[in-house]
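First listed ligand is number 1; within each ligand, the first listed atom is number 1.
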Amino acid sequence: MKKESFVSIADCSKDDIIRLIGKAEYFEQNPNQKLLEGKVCATLFFEPSTRTRLSFETAVNRLGGRIIGFTDAATTSSSKGEILKDTIKMVSNYADLIIMRHHLEGAARYAAEVSTIPIINAGDGANQHPSQTLLDMYSIYKTQGSLENLQITLVGDLKYGRTVHSLISGMSHFNPTFHLVAPEELRIPDIYKQFMESHNIPYYEYCDFSEKVINQSDILYMTRVQRERFTDLMEYEKVKNIYVLNNKMLDTCKENLRILHPLPRVNEIAYDVDDNPKAYYFEQARNGIYARQAIICSVLEIE
Ligand code: CP
């Protein structure tokens with residue numbers, strides 16, 4: 001029987017998220033397990049990736065499974081015109097699990113519908129990035145000691161940044177307040193504002209990125225302007241360097257503040273911030289291995 005896919009964090013209940021974070025904590029303590037012995041996991045990356053693909057592959061390797069897949073769709077038969085449905089049906093014959101990144105919003109949901117094996121969404125266009133959200137939430141939990149009642153500031157490309165969209169959904173169970181810092185062109189889409197309103201989540205929008213908003217934050221979540229999503233690169237040029245966090249801006253921040261970023265960074269965090277104890281983005285990326293071990297075991301129903 002087909003097991004559950006992991007397509008959107010919105011499909012997870014509060015209990016599901018807490019359970020997955022508990023599993024991530026377990027894998028951080030016990031990283032090398034043989035739970036995937038005999039299993040084959042396919043990584044289908046139709047879009048570039050460093051962290052997501054390599055941390056998923058590390059997770060599979062540490063669990064004793066094997067990997068097949070591709071990192072460049074141009075080397076596959078999709079370049080000859082094969083449709084996604086046929087690719088997924090083929091790979092379903094070869095593997096026990098598909099981990100897929102695709103440029104089209106909704107591609108992961110569609111793949112889950114046509115696949116006979118579970119799909120993990122490793123990012124679909126500007127839509128969702130649920131495994132990133134789980135590692136973000138694990139990082140928030142580790143640094144704050146709780147997920148409840150936090151002041152979370154999201155900065156940068158809130159229009160195209162799929163990690164932001166997923167994080168709003170995942171954190172919605174934990175009574176957050178969101179501070180949304182974006183230029184007019186990259187404001188959060190209305191659908192996410194409606195989501196927050198319908199869940200009674202307070203949110204505040206800002207165009208200025210100032211110490212005032214930083215100083216009230218527990219989590220400062222920086223994001224890159226997503227060049228690849230712009231149809232007009234002149235528009236990208238206008239906003240690409242709009243916000244740059246530097247060390248000086250952190251002088252009067254809260255003691256518990258931590259700076260997260262899904263990475264890759266382009267210009268939005270100055271290098272002088274890297275040595276600040278508040279900077280957590282490289283540890284955050286390491287947490288991806290444990291969170292992804294938890295997700296893989298969960299979709300394959302391996303305890
Ligand atoms: N955070 C993230 O998705 O990074 P990659 O694009 O390198 O996978």
Side-chain angles (χ1 to χ4, degrees), residues 6-9 20 24 41-62 67 69-74 97-108 111 119-143 152 154-171 186 219-230 236 240 245 258-269 273-274 279-296:
F6 188 78
V7 170
S8 168
I9 202 77
L20 284 167
C41 300
T43 51
L44 312 186
F45 277 69
F46 292 86
E47 267 196 341
S49 168
T50 298
R51 279 145 291 276
T52 309
R53 185 176 66 81
L54 293 178
S55 62
F56 263 121
E57 294 192 356
T58 302
V60 171
N61 282 314
R62 288 198 174 158
I67 303 273
F70 55 82
T71 59
D72 179 1
L97 166 69
I98 292 173
I99 299 160
M100 184 180 84
R101 171 170 287 188
H102 202 283
H103 49 276
L104 288 180
E105 296 178 24
I119 303 285
I120 295 178
N121 181 6
D124 60 326
N127 186 31
Q128 295 279 320
H129 195 348
S131 68
Q132 177 73 42
T133 299
L134 193 71
L135 80 88
D136 291 344
M137 292 180 74
Y138 182 44
S139 300
I140 293 170
Y141 174 74
K142 277 175 70 177
T143 60
I152 300 178
L154 306 170
V155 182
D157 187 347
L158 308 190
K159 180 178 179 184
Y160 297 119
R162 58 193 173 197
T163 67
V164 163
H165 304 158
S166 290
L167 189 60
I168 288 172
S169 177
M171 286 302 299
L186 298 176
I219 293 293
L220 181 59
Y221 193 95
M222 301 295 298
T223 66
R224 168 181 73 90
V225 178
Q226 307 267 305
R227 182 178 186 274
E228 64 276 27
R229 311 274 176 235
F230 282 74
Y236 169 74
K240 68 177 184 184
L245 177 68
R258 289 296 176 275
I259 303 154
L260 270 58
H261 190 313
L263 304 177
R265 150 177 63 181
V266 184
N267 288 323
E268 56 283 350
I269 301 180
V273 178
D274 293 359
Y280 192 74
Y281 27 93
F282 296 122
E283 290 93 331
Q284 177 189 359
R286 189 175 58 231
N287 290 335
I289 300 169
Y290 317 123
R292 287 170 173 135
Q293 284 179 297
I295 294 166
I296 291 166

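- For Tyr281, the OH atom is densely surrounded, since the number of other residues' heavy atoms within 6.0 Å is greater than 12.
- Within the structure, the salt bridge (charged side-chain N to carboxylate O under 4.0 Å, His left out) test picks out the following pairs touching residues 260-269 (sequence neighbours left out): Arg265-Asp274.
- Counting heavy atoms from C-beta outward, Val225 and Phe230 have side chains that approach closer than 4.5 Å.
- Closer than 4.0 angstrom to ligand 1 by heavy atom are Ser49, Thr50, Arg51, Thr52, Arg101, His129, Gln132, Pro262, Leu263, sorted by chain and number.
- Between the side chains of Asp136 and Gln284, at least one donor-acceptor pair of N or O atoms lies under 3.5 Å.
- Every residue two or more places apart in sequence or in another chain that forms a side-chain contact (heavy atoms from CB on, under 4.5 Å) with Arg229 is listed here: Glu47, Ala126, Tyr160, Arg162, Gln226.
- Here Lys142 pairs with Glu28, Tyr138, Tyr280, Asn287 under the side-chain contact (heavy atoms from CB on, under 4.5 Å) rule; sequence neighbours left out.
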